Amino acid sequence: MASSSGTSSGSSLLQNSGSEEDLQALMDQRKRKRMISNRESARRSRMRKQKHLDDLASQVAQLRNETHQILTSLNLTTQQYLTIEAENSVLRAQVGELSHRLGSLNEIIDLFNATNGFFGSSAGAPSSFNEPPNSFFNPLNMAYVNQPIMASADMLLY
């Protein structure tokens, strides 16, 4: 019986060592699965990170493009503003000059009207002195003298 108990104990030892090998193999298989799973998880993480970086790079390019367009528009608007401001300065100077001319011409008209009344009221003076022929003092010629003087756009060209 000693031999059978030895065999039985040996077979139990073989079963135990088989179980340990199976257990070891099972643990190795789990390690490999976990390692593969970790590698796949790391690969997905790297892919997400790369996609995020690509998205950010695309957004940077888009924002730079928008910034360039805005700056171009701003420069164009600034140039137009400066051009219009220069034109306005010229027009203001022309308005001032034309207003001065208009005032001077109105003073001349007032002077002619005042002197016409003066010459027309002299009772003892000869008629040739009162109204010289073909002059501004001729009543037929006075119609255009009393008209207001208007500035025209053509005046600005000279």
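Here the structure is a predicted model, which means the values were calculated and not measured. Reckoned from all heavy atoms, side chains included, excluding hydrogens, waters and symmetry mates.
Checked by atom type, the side-chain pair Glu66/Gln62 shows a donor-acceptor distance below 3.5 Å.
In the hydrophobic clustering of ILVMFWY residues, with side-chain heavy atoms under 4.5 Å counting as a link, Val90 and Val95 come out apart.
A side-chain contact (heavy atoms from CB on, under 4.5 Å) with Lys31 is found for one member of Lys33, Met27, Arg34 and no other, namely Arg34.
Taking a cutoff of 4.0 Å between a charged side-chain nitrogen and a carboxylate oxygen, Lys51 and Asp55 qualify as a salt bridge.
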**OP:** Report the C-alpha separation of Arg44 and Glu40 in whole Å, then their side-chain angles, then the decisive distance to 0.1 Å, and conclude whether the side chain to side chain contact (heavy atoms under 4.5 Å, CB included) test is met.
**Re:** CA-CA 6 Å; Arg44 286 192 308 265; Glu40 184 62 27; 3.0 Å; yes
**OP:** Could you walk me through whether Thr83 and Gln80 pass the side chain to side chain contact (heavy atoms under 4.5 Å, CB included) test, one step at a time?
**Re:** CA-CA 5 Å; Thr83 301; Gln80 290 172 341; 5.6 Å; no
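A donor-acceptor pair under 3.5 Å links the side-chain atoms of Thr77 to the main chain of Ser73, judged by distance alone. At least one donor-acceptor pair closer than 3.5 Å links the side chain of Ser89 to the backbone N or O of Glu85.
In this structure, His68 NE2 and Leu63 CG are separated by 14.5 Å, a value rounded to the nearest 0.5 Å. Atom OG of Ser104 and atom CD1 of Ile109 lie 11.0 Å apart (nearest 0.5 Å). Distance check: Leu53 CG to Lys49 NZ gives 6.5 Å after rounding to the nearest 0.5 Å. In this structure, the separation between CZ on Arg30 and CG on Leu23 is 8.0 Å, given to the nearest 0.5 Å. Taking CG of Asn75 as the start and CD1 of Ile70 as the end, the distance is 12.0 Å to the nearest 0.5 Å. Separating the CD1 atom in Ile36 from the CZ atom in Arg43 is a distance of 12.5 Å, to the nearest 0.5 Å.
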